J.: 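Sharing a structure here in structure tokens format.
Keep in mind it's a predicted model, so treat the numbers as computed, not measured. Counting convention: from 1, in listed order, for ligands and their atoms alike.
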Amino acid sequence: MTDIAQTPSGNPTSIDGAALPNREHSRTGLSAEALRRAVADHLLYSIGRPQSVLQPEHYYRALALAVRDRMQQRWMATTQDWLDLSNKVTCYLSAEFLMGPQLGNNLLNLQIEDAARQALAELGQDLDEIIACEEEPGLGNGGLGRLAACYLDSMATLQRPSIGYGIRYEFGIFDQEIKDGWQVEKTDNWLVHGNPWEIDKPDASYLVCWGGHTEQYKDVAGKLRVRWIPRRVLKGISYDTPVQGYGVNTCNTLTLWSARSVQSFALDAFNTGDFYKAVEDEVLSEKVSKVLYPNDEPEAGKRLRLQQQYFFVSCSLQDILRIHQERVGQPLHTLPQKWAIQLNDTHPSIAVAELMRLLLDEHHMDWDEAWRITVATFGYTNHTLLPEALETWPLALFGQALPRHLELIYEINERFLDEVRAKFPDDDDRVRRMSLIGEEGGKSVRMAHLATVGSHAVNGVAALHSELLKDSVLKDFYEMWPERFGNVTNGVTPRRFLALSNPGLRELLDETIGDGWLTDLQQLRGLEAHVDDPAFRQRWREVKRANKSRLAEYVHSVTGIELDPSWMFDVQVKRIHEYKRQHLNALHIVTMYRRIKANPGLSISPRAFIFGGKAAPGYFMAKRIIKMITAIGATVNNDPEVNRFMRVVFLPNFNVKNAHLVYPAANLSEQISTAGKEASGTGNMKFMINGALTIGTLDGANVEIREEAGPENFFLFGLTEDEVEDVKAQGYRPANYIEHDPELAAVLELLAGGRFTHGDTEVLRPVVDSLIHHDPFLALADYRSYVDCQDIVGAAWQNGEEWTRKSILNSARSGKFSSDRAIAEYCDDIWDVGPMSVRL
Ligand SMILES: *Cc1c(COP(=O)(O)O)cnc(C)c1O
């Protein structure tokens with residue numbers, strides 16, 4: 001502890017490692033000794049607080065800075081190498097990156113966890129406590145943003161040069177509190193304590209225009225050109241975060257753009273005495289990167305959201321073109337040989353029009369060449385079949401905001417529809433359906449169509465989803481260009497979601513099959529050889545049990561509810577949405593409650609039902625579903641007749657940080673969306689890797705999970721996608737199911753009658769009424785099948801040895817769901833990006 005005061009490396013003999021030949025440099029050394037010196041240095045020089053007032057948060061920041069230093073060389077070398085070698089680079093454009101806490105992950109990927117633990121111990125600190133100080137950047141809503149983060153991890157680990165481009169939201173996804181059983185939203189002020197991982201590059205900035213009009217002019221060669229006279233201009237400045245690959249030198253970049261006012265504009269106003277106008281302008285500009293929009297809310301009229309999308313896309317494309325041209329001798333026509341740009345859903349799809357604008361208006365390229373380059377460069381990943389989630393912009397709003405882009409979209413559309421007419425003569429209906437401009441309910445710009453027309457590759461995110469895409473929302477496009485369509489099933493990173501979050505299992509795996517699984521998850525197959533070994537099964541159970549104790553402790557600390565780690569942990573964590581059917585899960589819980597009340601002598605497998613997830617603040621029904629779960633929980637948990645067999649927990653503020661505790665502790669993974677609605681799911685994969693068994697429908701990646709695990713190791717229930725369509729086509733009447741199922745009728749009666757709400761019959765009425773009268777996601781149609789399947793799950797739990805076998809086999813067969821596999825497929829099939837090893 002005396003080190004800080006007495007031996008900072010400000011000591012002249014140690015500024016330069018050469019003076020002390022056996023000492024590593026305190027900026028780069030990976031030993032515990034070098035790390036200890038580095039932390040001590042940062043405490044003194046970067047944190048700047050006297051030792052007597054140092055708190056764990058200060059040690060966190062100092063260690064984070066020391067770790068960032070250790071990535072710096074690798075980071076610069078990676079960038080320099082792809083500049084020099086002209087290796088092709090992937091740019092992953094995503095409005096969301098749900099990165100999660102960085103410190104633990106960076107220590108893992110640099111393989112210096114033990115050194116850091118020792119270094120901190122010598123400074124009197126506990127590494128786990130220090131790691132727990134980190135607040136995560138909540139720059140995403142859920143699955144889509146987390147996928148982007150997993151993909152960055154895999155691209156770095158597979159040594160593929162890449163840049164993630166997104167928005168540095170000042171306020172990320174809200175923090176969720178539960179008050180009186182209701183969700184309460186609190187602003188997420190993640191930047192108040194600073195962010196030690198990012199480096200701002202105020203010199204790397206770009207201007208982004210907005211509004212105004214266009215005009216034609218003749219260039220020096222007498223050619224007719226267009227220029228955009230914007231109403232406003234703002235500036236994007238970049239904040240770069242290193243993305244370290246596991247066990248390799250590759251360290252890629254996440255670039256997030258932050259909006260600023262353009263200085264000179266403000267200055268003008270200031271000089272003319274209008275100081276407040278200048279300030280106002282600044283406030284307006286900075287609004288653009290202020291807050292992340294929660295999804296699942298109507299898009300209509302959200303001008304600011306369009307501005308956010310255009311803002312980050314324009315900055316990113318300008319950055320790419322600048323780097324490309326600054327590479328020695330790279331003319332613009334080689335863009336597709338040097339860059340693959342992936343659009344993560346339609347949020348960045350304005351990129352198609354923006355690249356055309358840059359090539360035509362700024363770089364004076366011809367239309368045909370610009371279009372060839374655009375299509376060859378972009379790929380588009382679709383993430384949803386829900387029609388309400390397919391982005392469209394009202395034409396008037398779009399034209400006011402981006403007048404030049406609207407002109408370009410008209411021109412793209414005209415040429416595209418000519419192609420359609422040539423391929424499908426006399427099919428006006430098809431032309432109308434495929435147009436980039438929608439006519440129904442007022443004219444609109446269809447962003448999914450723009451993305452599809454402007455990309456050489458279009459993919460869905462699970463086998464079923466990609467098939468349904470070709471059969472529904474993008475059917476006409478598939479018939480036009482079948483060769484563009486493919487599938488890349490999602491994956492998750494085994495570094496964060498196994499090694500980092502399940503250290504007990506990591507140790508057991510390393511001992512049993514070695515540590516190759518960290519970069520080759522298929523090696524988990526090696527576990528199958530041990531599945532019949534009782535000693536191994538015993539250790540497997542002990543690991544799971546310890547993870548459950550860890551979660552139970554956390555649950556107790558945040559909710560006051562006590563859970564018994566010997567019970568089955570039945571978990572559903574994900575955004576709250578009707579299509580994900582948390583209410584179906586709730587119906588099962590009420591069913592069990594009722595059975596116990598009716599027959600107190602009943603012997604059932606005891607279960608903890610654990611929920612977590614945020615509801616979009618404007619999504620009325622989702623918020624009622626949270627209230628329904630907490631109300632059922634309050635009744636169940638306080639009834640001594642019932643709480644001997646079941647407890648219900650709603651874990652507040654589900655995020656990546658507490659996800660680390662949740663997935664490894666689950667016995668049963670609830671993946672119960674209406675078939676055809678969940679594009680893939682990735683939570684389902686995190687559970688499987690960590691040895692949970694799945695109860696699920698044939699939806700999204702569940703289909704492939706069941707295929708890999710074997711049908712005997714998966715609890716299947718519910719209608720298939722085809723059957724869902726049939727039921728709907730025949731005119732779905734939820735009342736039919738109630739009339740034919742007295743247990744279902746009684747369960748709904750309990751909910752409607754106020755049993756869980758102190759006699760109040762209004763609170764849960766909207767949920768119950770919606771189920772009885774509309775039930776858009778067929779929860780009642782699947783109720784009987786689900787409850788019967790849950791009975792089978794309960795019975796299976798009784799046989800502990802058999803359950804453990806199935807648990808091991810699920811894990812052993814989860815290799816396909818590594819994001820490394822997914823990224824390898826993107827690289828081979830869509831991006832044509834090869835590995836590049838980085839030398840230091
Ligand atoms: C994985 C993950 C999700 C996605 O879960 P699904 O079950 O696939 O919807 C959402 N939020 C967080 C924090 C996650 O880690």
J.: Should Asn810 and Asn713 be marked as a side-chain hydrogen bond (donor to acceptor under 3.5 Å, both in side chains) after you check the CA-CA gap, both sets of side-chain angles, and the distance that decides it?
T.: CA-CA 7 Å; Asn810 265 274; Asn713 300 308; 5.3 Å; no

J.: Apply the side-chain contact (heavy atoms from CB on, under 4.5 Å) test between Asn653 and each candidate in Asp175, Ile178, Val558, Asp188; give the one that qualifies.
T.: Asp175

J.: Please determine if Glu113 and Arg495 form a salt bridge, counting it only when a charged side-chain N lies under 4.0 Å from a carboxylate O.
T.: no

J.: Write 'none' if nothing qualifies; otherwise put on separate lines each N/O atom of ligand 1 with a protein N/O atom under 3.5 Å away and their distance to 0.1 Å.
T.:
unit_1: ligand 1; atom_1: 7 (O); unit_2: Lys574; atom_2: NZ; d: 2.8
unit_1: ligand 1; atom_1: 8 (O); unit_2: Thr682; atom_2: N; d: 2.8
unit_1: ligand 1; atom_1: 8 (O); unit_2: Gly683; atom_2: N; d: 3.0
unit_1: ligand 1; atom_1: 9 (O); unit_2: Lys580; atom_2: NZ; d: 2.7
unit_1: ligand 1; atom_1: 15 (O); unit_2: Lys686; atom_2: NZ; d: 2.6

J.: Compile the donor-acceptor pairs under 3.5 Å between side chains in residues 98-106 and protein atoms, sequence neighbours left out, one pair per line.
T.:
unit_1: Gln102; atom_1: NE2; unit_2: Met99; atom_2: O; d: 3.4
unit_1: Gln102; atom_1: NE2; unit_2: Gly100; atom_2: O; d: 2.9
unit_1: Asn106; atom_1: ND2; unit_2: Gln102; atom_2: O; d: 3.3

J.: Can you list every pair that meets salt bridge (Lys or Arg N to Asp or Glu O under 4.0 Å) and has a residue in residues 463-474, with sequence neighbours left out?
T.: Glu467-Lys470

J.: Would you please name every residue forming a ring-ring contact (aromatic ring centres under 6.0 Å, His included) with Tyr826, sequence neighbours left out?
T.: Tyr151, Trp831

